[in-house]
Structure formats: C-alpha cells, structure tokens
Protein chains: 2
Amino acid sequence: MRTFVAAVDAGRFQSAAARLSITQQAVSKRVAALEKDLGVQLFVRTARGAQLTIDGQVFLPHARALLLAAEQAAASVRPGRRALRVDVVGRRLAPAGLVRDFHRAHPEIGLDVVTLFGADAAVDAVRSGVIDATLRAVTMPGRQLPDGVEATPVLDEPLRLFVGPTHEFATARAVELARLVGHRIWMPGNIRGTEWTAYYDELGAAFGLTIDTIGPDFGIEALLDTIADSSTLATFLTDRTPLVWPVGHDLRLIPLCDPTPIYPHSLLWRTDNPHPALTALRDHLTAAAPDDPDGETWAPSWARTRRCGPTRRPKGAGPRR
Amino acid sequence: MRTFVAAVDAGRFQSAAARLSITQQAVSKRVAALEKDLGVQLFVRTARGAQLTIDGQVFLPHARALLLAAEQAAASVRPGRRALRVDVVGRRLAPAGLVRDFHRAHPEIGLDVVTLFGADAAVDAVRSGVIDATLRAVTMPGRQLPDGVEATPVLDEPLRLFVGPTHEFATARAVELARLVGHRIWMPGNIRGTEWTAYYDELGAAFGLTIDTIGPDFGIEALLDTIADSSTLATFLTDRTPLVWPVGHDLRLIPLCDPTPIYPHSLLWRTDNPHPALTALRDHLTAAAPDDPDGETWAPSWARTRRCGPTRRPKGAGPRR
DNA sequence: TAGACGCACAACCGATGGTTGTGGATTGTG
DNA sequence: CACAATCCACAACCATCGGTTGTGCGTCTA
C-alpha cells in the first residue's frame with residue numbers, strides 16, 4: 001500500500017523507489033503483486049512514468065485511508081503525546097453517551113475509550129497514568145481517593161423501570177420503589193466485583209428487591225426482546241442509555257420515585273496530568289448541566305453525593321418526560 | 001493485525017491459531033513482533049489464555065478499523081458488486097458537492113468518486129461499464145451519445161464573478177457579461193481537451209472576453225489569495241462551489257446577467273446498468289430542484305439545453321442573493 | 001501430585017522479497 | 001533518422017523473514 005501510494009505521488013516508479021530507499025525493480029514487483037492480489041490493473045505503464053487506471057483512481061483513497069488507519073493505530077499506543085484515554089463504566093451506559101457527545105463536539109481531539117473491570121482498577125489506572133480519566137460512580141465521601149487523583153461529580157442519573165407492554169406497571173406514570181418488592185428485576189451482563197454490580201446489590205438489599213445481577217449477557221437486543229415479551233420481568237435503564245430503540249416493540253421507561261435511585265457518575269483524573277484534551281473533556285462534562293432529579297433520591301452508601309436526600313420538591317414528583 | 005484481532009476474539013492464542021490454520025507458535029511470534037513494533041505489551045499471558053492489557057484495549061478498535069479499511073479497499077476494485085463509481089468534472093465544483101450531498105443522505109451506500117480527463121473519456125468509461133455514472137456538461141442535443149448511454153439534466157448552474165474588495169465590480173449588484181470585455185479572467189488548473197476548458201474558450205470567443213484557461217494550478221487557496229489582492233484579476237465561480245470561505249479575505253461573488261452564463265451539468269449512465277445504488281443516485285439528483293436562473297442565459301453550442309434563451313422574465317433580472 | 005493446558009524459546013527450512021543485470025519500448029534531440 | 005535518455009519488466013540470485021516441529025516452563029485442576 002505504502003509503495004502504491006508513493007508511486008502515485010511520485011508519478012514514476014523510479015522516484016518512488018528512491019524515496020523508499022529501494023530499487024525500481026522492487027517497486028515494480030510490489031505493485032505487480034498488489035495488482036495480482038486485487039485482480040485488477042492499477043497503473044498503465046508508459047515511457048514517461050506510470051499513470052493510474054480508473055481502478056487505480058478508485059483504489060487510491062482507500063489506500064490512503066488504510067495508511068492513515070495504520071498511522072493512527074500505531075499512534076494510539078505510542079508513549080507520550082497519545083490520544084486521550086477515558087475509561088467508561090459500560091459502553092451502553094450514560095457515560096459512554098457523554099463521551100460520545102464530547103467526541104462529536106470536538107472531533108479533532110483524538111479519543112480512545114476503554115472499559116476496565118471495576119472502579120478499583122480504573123482508579124489505579126488513573127493513578128499510574130495508564131489512562132487519563134475515568135467516569136465512575138466513586139463520588140466522595142465514603143472512599144479514600146489516592147493522592148494526586150481528583151474527582152468531580154458529572155451526572156446524577158435517575159434510574160427508570162424498563163418494561164414491556166403487558167407488565168403490571170406498563171401504564172403507570174411513576175412507580176414507588178417499594179412497590180417493586182416481589183417483582184423480578186433482571187440486570188444481566190454484569191461482572192462480580194465491579195461497582196456497577198455493587199450498586200444493584202445494595203439497592204436490592206436496601207429495599208428488599210429481587211435483582212439478578214448475574215447471568216450471561218446476550219447483548220442488549222436479547223434483553224429488550226425478553227423484556228418486551230414478559231409480563232413479569234423488568235430491568236433498570238435510564239433516559240440516557242444510548243440504545244437504538246427497537247421498532248415493533250412497545251417498550252416503556254417508567255420513572256421511579258420515593259425515592260428515585262440515582263446513579264452518581266463522577267470524572268476522575270490525575271491532578272498533574274498535563275494532557276490538554278483532559279481539560280477540554282472536564283470543561284465539556286461539567287458544562288453539560290447535570291440532571292437534577294426532583295423528589296427523594298437514593299444512592300448507595302459508598303457513593304452518597306451532596307445532592308442526596310429530599311430536595312426542593314418535598315415528595316412524590318411525577319414523571320418529567 | 002489480523003492475528004492480533006483473532007487472538008482477542010478467541011481469547012487464546014491456541015484457538016486463534018486453529019482458526020487461522022497456523023500453529024500456536026506462529027501466533028505467538030506474530031503477536032510478539034507486533035508488540036515489539038509498537039513498543040508496548042498488548043496481552044498479559046496467563047495460564048488460561050491471553051488477556052488484553054489497557055494498551056491492547058486501546059489498540060483493538062484501531063486494529064479493527066484497519067482491517068475494515070483493508071476489506072473496503074479490496075472491495076472497491078473487486079469486479080462485480082462493487083461500490084458505485086461516479087465521475088465528477090472536478091473535485092471542487094458543484095457536481096462534487098451534489099455527490100457529497102448524496103453520500104450524506106445515504107451514508108450506507110458505498111461510493112467511489114473519480115475524475116477522468118475529458119467528457120469523451122468519461123462517456124466511454126460509462127459505456128464500457130468501468131464507471132457507473134458521470135456528471136458532465138454533455139447535455140443533448142448537439143453531441144451524439146453512444147447506444148445504451150442515457151443522460152438527464154441535473155443542474156443548470158449560473159456562473160458568478162469572483163472578485164476581491166478592490167476590484168472595479170466589487171460593489172456591483174450584478175454585472176452584464178459585455179462589461180467584462182477587456183478585464184482579465186483567470187481560470188487556472190484546467191487541462192486542454194476537457195469540456196471544462198472548451199466551455200470557457202467558447203464563452204470567451206462569444207463575448208470577446210479574455211479568459212486564461214491555462215497556467216499552473218497552485219490550489220484554490222492560492223487562487224483566492226491572488227484574487228483578493230488584485231484589483232484587476234477576477235475568476236468565475238458559482239454559489240455551489242464547495243470551498244471553505246477564507247476568513248480575513250473580503251471576497252465577493254457578483255451575479256452575471258444579460259446573459260447569465262450557465263454551466264449545464266448532466267448525469268450520464270448506462271441504461272442496462274443494474275446497480276441499485278445508481279437508481280438511488282439518479283433519484284436523489286433529479287429530486288434536488290435544479291437552479292432556475294432568471295433572465296437571459298447562455299450555454300455553449302455543444303451543450304444547449306431546453307432552458308436556453310430568454311425565459312419568463314424578459315430581461316435584466318437582478319441578483320437573487 | 002500428576003496431568004492438562006497454554007504460551008515461549010530454539011532449531012530448522014522453504015518461500016518471500018529484496019538485490020544486480022539486462023532488455024524492450026517510448027520519447028526527445030542533434 | 002539514428003542515438004541517447006528514460007522508464008519499466010523480466011531473470012537470476014540470495015539473505016531474511018516467517019512459518020514449521022520439538023521442547024520446556026508455569027499455572028490451574030482433579
């Protein structure tokens with residue numbers, strides 16, 4: 001590919017060879033091999049150089065794209081001045097959506113998104129500098145952050161009940177958390193030991209709910225299918241879950257209240273990290289006005305935020321959607 | 001790259017090797033070589049397989065993108081069921097913009113854009129099936145299309161005068177074509193023998209204008225710079241020229257009238273071409289309402305369209321912008 | 001503690017991909 | 001019109017690369 005592009009740019013195999021520090025014959029062989037691989041002729045060879053065929057013209061931008069991809073791939077792991085690495089708690093959850101919004105707002109900033117197993121690993125990776133930031137539910141106080149790692153609350157996300165059309169709560173405007181006792185809540189695809197699972201374990205324990213946080217994950221589509229067809233199964237999702245709403249399924253997102261379970265996302269980063277994109281990300285995330293749920297809220301003990309407890313509206317706030 | 005991705009997908013070098021029909025040792029060597037190239041460790045080797053490091057996680061999507069690019073590159077020239085190939089008269093002219101709009105409206109349709117030298121070559125390429133369609137100024141009647149090639153007018157594009165702030169016509173609301181006699185018009189970057197050059201040659205001859213269609217092309221930016229600083233030089237552009245308007249330059253697009261020069265773009269394709277995307281492109285282009293210039297218009301003799309000559313408004317229509 | 005499993009290292013060897021040398025085709029020039 | 005200059009393809013040759021087989025070590029499990 002590199003040789004092909006060099007030959008196009010040079011217009012002649014000879015000068016391309018010089019530029020690549022190989023012989024003209026090697027260029028000829030490489031191009032011939034590429035043409036044989038593809039099964040089409042890329043150049044017409046003339047006495048004063050090589051001219052692209054139509055196939056060659058079509059192929060050229062793809063070749064350039066490939067070289068660019070190779071360059072970016074190598075750059076993504078090059079130590080020093082690499083793209084910003086952000087860890088999100090799950091690709092299909094709100095933080096992933098937030099980071100994607102950031103990417104859309106600043107497409108020129110190189111961004112790599114990873115998902116580590118557990119908040120501890122994520123915090124450790126931030127501390128060691130392997131990643132630049134993480135979006136996790138480790139808001140203080142309650143857990144000690146390592147020295148040099150800072151956190152700021154980004155989004156207090158209210159959970160909603162996700163049910164099919166035949167479910168008991170399908171037509172409810174809002175559901176009190178206590179009324180979920182005895183109902184089966186299904187949260188597949190979680191891994192033991194992450195704070196995501198710990199959240200639902202504590203939520204279930206606090207209100208006596210039956211929340212299955214284990215079981216194999218066959219993907220969000222399978223989950224949606226199962227929920228849609230079941231009159232007893234439900235799951236927790238949020239407004240910001242970045243999923244493609246399936247057509248044909250009559251699925252509903254029912255607000256929860258008294259209290260509303262809150263998933264408190266925070267951004268964590270190393271104080272001395274000089275990456276310029278990190279500042280941009282922090283500004284972007286804090287600028288986006290965080291959801292401010294009405295009524296009573298609940299968050300796990302290890303993640304209580306300032307906003308916990310009753311707020312302005314004293315009680316029983318209805319759905320806002 | 002392929003081996004790396006296979007190893008990630010399999011989770012173990014052994015099964016990746018089986019899938020690739022090579023030995024486990026070969027996989028080990030390949031991954032080791034890749035890690036050495038990149039200078040980072042991609043896997044942590046455990047007793048029950050290979051787990052991605054953080055660097056590996058970051059690298060993985062880039063590797064997949066690279067493989068996808070390679071696949072698309074090969075597919076772009078694979079005979080039979082390849083992406084739609086469209087020839088446009090110039091990358092920075094209106095047809096390129098039209099095709100780009102089509103791509104934005106249908107991003108799922110594979111599209112390859114090429115530029116051939118001259119309408120004859122383009123028509124020939126359409127006839128032989130090497131490309132699927134061309135956007136050219138070869139509207140009938142006046143030239144005979146080969147059997148099996150059909151054409152439809154797509155856009156009658158009115159030319160405008162592009163001048164800097166110190167030019168004589170900089171403040172004019174519209175300029176009659178006859179008033180350009182004696183002024184120097186510069187149209188660099190054209191190649192002899194294309195219908196693009198022929199157009200300006202005939203336009204110049206018909207009205208006694210001085211149009212330089214030769215000379216080296218240093219890019220549109222250089223052209224803009226030169227025009228901006230000159231009080232005598234001007235060039236022809238159109239509203240739809242897909243260029244990035246430079247900040248800092250006070251450049252103007254002045255309408256032309258009595259008559260307004262029209263550049264008549266047509267879509268040409270082979271009648272028996274079954275490519276489904278071709279139908280979509282044709283529909284998209286004919287659905288976009290073509291510009292309908294007011295007042296008297298002019299087109300070269302070899303490209304007279306139905307719309308030629310005086311239309312509804314009898315004379316001296318002003319600028320529409 | 002033995003066996004299974006999984007990866008790395010070493011030795012080996014053929015195919016790959018470079019080199020030099022040469023020839024044919026086209027273009028510009030005295 | 002011949003001659004030199006270019007430019008690319010083909011042939012022969014050879015080093016290196018990248019695969020193979022064989023083996024060893026560490027870890028998990030019965």
Side-chain angles (χ1 to χ4, degrees), chain A residues 1-57 59-60 63 66-67 70 73-74 117 121 191-193, chain B residues 1-57 59-60 63 66-67 70 73-74 117 121 191-193:
Chain A
M1 287 295 205
R2 231 175 281 280
T3 307
F4 167 71
V5 171
V8 174
D9 289 341
R12 282 179 295 274
F13 286 14
Q14 303 238 79
S15 23
R19 173 178 285 251
L20 296 170
S21 305
I22 54 175
T23 60
Q24 163 266 317
Q25 287 87 335
V27 173
S28 179
K29 270 181 147 185
R30 285 185 181 179
V31 171
L34 181 61
E35 288 179 326
K36 194 187 165 197
D37 260 22
L38 296 172
V40 296
Q41 197 175 340
L42 296 173
F43 290 103
V44 281
R45 280 78 162 169
T46 73
R48 60 171 173 288
Q51 200 110 32
L52 279 179
T53 63
I54 297 182
D55 281 314
Q57 278 193 49
F59 189 69
L60 176 60
L66 186 81
L67 295 187
F117 281 167
I191 294 100
R192 284 278 137 200
Chain B
M1 287 295 207
R2 230 177 282 280
T3 307
F4 167 71
V5 172
V8 173
D9 290 341
R12 281 179 295 275
F13 287 14
Q14 302 239 76
S15 23
R19 173 176 284 250
L20 296 170
S21 305
I22 55 176
T23 60
Q24 164 267 317
Q25 288 87 335
V27 173
S28 178
K29 269 181 147 186
R30 286 185 180 180
V31 171
L34 180 61
E35 288 178 327
K36 194 186 163 197
D37 261 23
L38 296 171
V40 297
Q41 196 175 340
L42 296 173
F43 291 102
V44 279
R45 281 78 163 168
T46 74
R48 60 173 172 286
Q51 200 109 33
L52 278 179
T53 62
I54 298 181
D55 280 315
Q57 278 193 49
F59 190 68
L60 176 60
L66 186 80
L67 295 186
F117 281 166
I191 294 101
R192 285 279 137 200

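Chain identifiers are assigned alphabetically (A, B, ...) following the order of the sequence lines, protein sequences preceding nucleic acid strands; residue numbering begins at 1 within each chain. In what follows, every heavy atom counts, from backbone to side chain, and hydrogens, waters and symmetry copies are set aside. Bear in mind that the values here come from a model prediction, so they are computed numbers and not experimental data.
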* Asked: Can you find an N or O donor on one side and an acceptor on the other, under 3.5 Å apart, linking the side chain of B:Gln24 with the base of C:dG6?
  -> no
* Which pair of non-hydrogen atoms, one from A:Phe4 and one from A:Gly56, has the smallest distance, and what is that distance? -> CZ-O, 3.9 Å
* To do: To the nearest Å, give me how far apart CD (A:Glu35) and P (D:dC10) are.
  => 11 Å
* Structure fact -> Taken to the nearest whole Å, CZ/B:Arg45 to C1'/D:dC25 is 15 Å
* Backbone of A:Ser28 reached by a side-chain donor or acceptor of A:Arg30 within 3.5 Å -> no
* Counting N and O atoms only, with roles assigned by atom type, does the side chain of A:Glu35 sit under 3.5 Å from a partner on the main chain of A:Leu42, one being a donor and the other an acceptor? -> yes
* Structure fact -> So CZ of A:Phe59 and CG of A:Leu34: to nearest 0.5 Å the spacing works out to 5.0 Å
* Asked: Is any side-chain nitrogen or oxygen of B:Arg30 closer than 4.0 Å to OP1 or OP2 of D:dG19?
  -> yes
* Taking atom CZ of A:Arg12 and atom CD of A:Gln24, what is their separation to the nearest 0.5 Å? -> 12.5 Å
* d(CD, B:Gln51; C1', C:dC7) in whole Å -> 15 Å
* To do: Would you please confirm or rule out a distance under 4.0 Å between OP1 or OP2 of C:dT26 and any side-chain N or O of A:Thr46?
  => no
* Taking only side-chain nitrogens and oxygens of B:Ser28, does any of them come within less than 4.0 Å of OP1 or OP2 of C:dC7? -> no
* Would you kindly give the CG-to-P distance between A:Asp37 and C:dT16, to the nearest whole Å? => 11 Å
* Asked: Out of C:dA8, D:dC8, C:dG17, which has the shortest distance to the side chain of A:Lys29?
  -> C:dG17
* Under-4.0 Å side-chain N/O to phosphate OP1/OP2 contact, A:Gln14 with D:dC7 -> yes
* Atom pair distance, as rounded to whole Å: CD in A:Gln41 and P in D:dA9 -> 9 Å
* Measure from CZ on B:Phe43 to P on C:dG6 and round the result to the nearest Å. => 15 Å
* Asked: Nearest-Å distance, CG (B:Leu42) to C1' (C:dC7)?
  -> 15 Å
* On DNA chain D, nearest-nucleotide positions of A:Ala47 versus A:Ala32: which is more 5'? -> A:Ala47
* Has B:Arg48 got a side-chain N or O lying under 4.0 Å from the OP1 or OP2 atom of C:dC7? -> no
* Asked: Once you round it to whole Å, what is the distance between C1' of D:dA5 and CZ of A:Arg12?
  -> 13 Å
* To do: Kindly say whether, by distance alone, the side chain of A:Gln25 makes a donor-acceptor pair under 3.5 Å with the base of C:dG18?
  => no
* Identify whether any heavy atom of A:Ala50 sits under 4.0 Å from a base atom; if not, whether one sits that close to sugar-phosphate; answer base, sugar-phosphate or nothing. => sugar-phosphate
